[in-house]
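In what follows, chains are A, B, ... by sequence order, proteins preceding strands, each numbered from 1.
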Amino acid sequence: AQSVSQHNHHVILSEAASLELGCNYSYGGTVNLFWYVQYPGQHLQLLLKYFSGDPLVKGIKGFEAEFIKSKFSFNLRKPSVQWSDTAEYFCAFHSSGGYQKVTFGTGTKLQVIP
Amino acid sequence: NAGVTQTPKFQVLKTGQSMTLQCAQDMNHNSMYWYRQDPGMGLRLIYYSASEGTTDKGEVPNGYNVSRLNKREFSLRLESAAPSQTSVYFCASSEGTGLNTEAFFGQGTRLTVV
């Protein structure tokens with residue numbers, strides 16, 4: 001079965017620290033990849049997406065992610081986090097069929113300490 | 001721009017009670033989805049509607065029914081609530097169901113069944 005793994009369940013960082021959240025998926029073919037963010041009490045918002053082309057994808061609020069096909073990975077990065085980045089982050093991937101086939105990871109809670 | 005609107009935001013039910021979660025989108029999207037989010041399990045698809053007039057089961061449909069009332073509205077009904085249905089429910093919509101599709105999410109409904 002297709003799956004996506006997020007390695008870190010809870011990450012605590014100080015402001016200005018660098019962030020990297022891991023995401024690995026299990027599928028050998030063409031994939032679309034997403035990172036969503038859920039701020040406390042709010043809905044999921046799309047941070048960035050990879051459909052094709054440049055494997056280094058830049059999203060909103062200074063986030064970026066790199067698609068490494070050989071490693072089946074799509075890690076999320078930010079050079080310097082802010083307190084306002086405190087949220088839960090979900091990786092998701094889509095291999096075929098409609099959006100109903102999107103598989104979500106279990107999420108990583110990021111807490112940024114001022 | 002409202003996007004995807006869910007009501008209610010919070011609900012407490014007794015075991016065996018019924019209720020309907022409402023969802024409406026104003027983006028003229030064809031497809032709509034209901035997910036549940038449980039700690040450590042990410043988002044799991046309950047039902048989806050690829051287009052007006054159609055509905056299909058997702059990964060965890062048992063105990064739920066849905067109605068695609070019109071293009072804008074997609075409701076989720078719990079006929080006889082059980083404690084296992086305590087969760088956060090998200091509605092989402094997307095323009096289509098193709099591979100290069102992204103979805104937009106509502107703010108969620110936090111349901112507790114006692």
Side-chain angles (χ1 to χ4, degrees), chain A residues 1-10 21-27 29-53 57 59-60 65 67 87-109, chain B residues 1-7 9-10 23-25 27 29-51 54-61 66 68 74 88-110:
Chain A
Q2 298 170 2
S3 65
V4 57
S5 299
Q6 293 183 241
H7 315 299
N8 312 101
H9 297 295
H10 196 181
L21 301 182
C23 172
N24 286 90
Y25 62 92
S26 62
Y27 185 76
T30 301
V31 293
N32 289 349
L33 294 154
F34 307 86
W35 274 99
Y36 286 90
V37 61
Q38 185 179 23
Y39 297 104
Q42 296 190 27
H43 61 285
L44 273 76
Q45 302 172 45
L46 185 68
L47 260 183
L48 47 78
K49 63 188 179 188
Y50 171 80
F51 287 170
S52 64
V57 180
I60 61 171
F67 170 51
E88 190 161 14
Y89 295 80
F90 293 91
C91 180
F93 89 103
H94 187 194
S95 60
S96 65
Y99 190 88
Q100 65 272 15
K101 299 290 188 185
V102 170
T103 301
F104 286 85
T106 54
T108 297
K109 287 188 178 177
Chain B
N1 213 359
V4 180
T5 303
Q6 291 180 234
T7 55
K9 288 188 169 53
F10 301 95
C23 175
Q25 52 91 9
M27 295 173 283
H29 283 170
N30 290 309
S31 304
M32 298 184 74
Y33 314 84
W34 275 106
Y35 294 88
R36 61 178 288 173
Q37 182 185 25
D38 300 293
M41 300 191 74
L43 272 74
R44 293 182 292 168
L45 184 66
I46 305 171
Y47 271 93
Y48 68 98
S49 170
S51 61
T54 69
T55 60
D56 285 287
K57 294 178 181 179
E59 182 185 353
V60 288
V66 290
R68 184 73 183 267
F74 187 40
V88 181
Y89 292 85
F90 287 98
C91 178
S93 71
S94 66
E95 188 172 341
T97 59
L99 190 59
N100 292 348
T101 294
E102 65 176 275
F104 297 82
F105 288 80
Q107 291 197 314
T109 296
R110 187 172 295 275

Fill in: Region of F104(B) that comes under 4.5 Å of a non-hydrogen atom in chain A
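For F104(B), no heavy atom lies under 4.5 Å from chain A.
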
Discussion item. Need one label for L43(B): side chain, backbone, both or neither, based on atoms under 4.5 Å from any heavy atom in chain A.
Written reply: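 Both the backbone and the side chain of L43(B) come within 4.5 Å of chain A.
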
Worksheet entry | Over all atoms of both residues, closest heavy-atom pair of E102(B) and L46(A) |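 Scanning both residues, the minimum pair turns out to be OE1-CD2, 3.0 Å.
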
Heavy-atom cut-off 4.5 Å, strictly under: side chain, backbone, both or neither for [X] against chain B?
{"X": "L44(A)", "value": "both"}
{"X": "Q38(A)", "value": "side chain"}
{"X": "Q6(A)", "value": "neither"}

Worksheet item: Between Q37(B), R110(B), E59(B), M41(B), which residue shows the highest count of heavy-atom pairs closer than 4.5 Å to chain A?
Response: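 The option with the most such pairs is Q37(B).
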
Worksheet item: Using a cut-off of under 4.5 Å for heavy-atom pairs, which of G42(B), G40(B), A92(B) has the most such pairs with chain A?
Response: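 If we count pairs closer than 4.5 Å to chain A, G42(B) comes out on top.
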
Discussion item. With rounding to the nearest 0.5 angstrom, report the OG1 to CG distance, T103(A) to L45(B).
Written reply: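 These two atoms lie 10.0 Å from each other.
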
